[in-house]
Amino acid sequence: MGILDGIVEWIAEQVMHGLDLVSTSVLGALGCDMSVFLRYFPAAELCMIITRIIRQNL
């Protein structure tokens, strides 16, 4: 089972590196102005509008 543990550990490490890369990219986009953020995440503007409408109606 030693080699299987090593393989599972390597896969988990690669997943963590991928998640770190994604979160770093998102945080980098958040650090820029809103136009850059909307270019990376075009649905963010729609989500913000929907959130405002829901908040106003509550």
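As a basis for the values below, the full set of heavy atoms in this structure was taken, side chains included, without hydrogen atoms, waters or symmetry mates.
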- All side-chain contact (heavy atoms from CB on, under 4.5 Å) counterparts of N57, not counting sequence neighbours: I53
- Item | Reported CD1-to-CZ distance for the pair I50 and R52, which is rounded to 0.5 angstrom | 12.0 Å
Going by atom type alone, with no hydrogens or angles, which donor-acceptor pairs under 3.5 Å involve a side-chain atom of residues 7-18 and a protein atom two or more places apart or on another chain?
none

- Item | Rounded distance [0.5 Å steps], CD1 in I54 versus CD1 in I49 | 12.0 Å
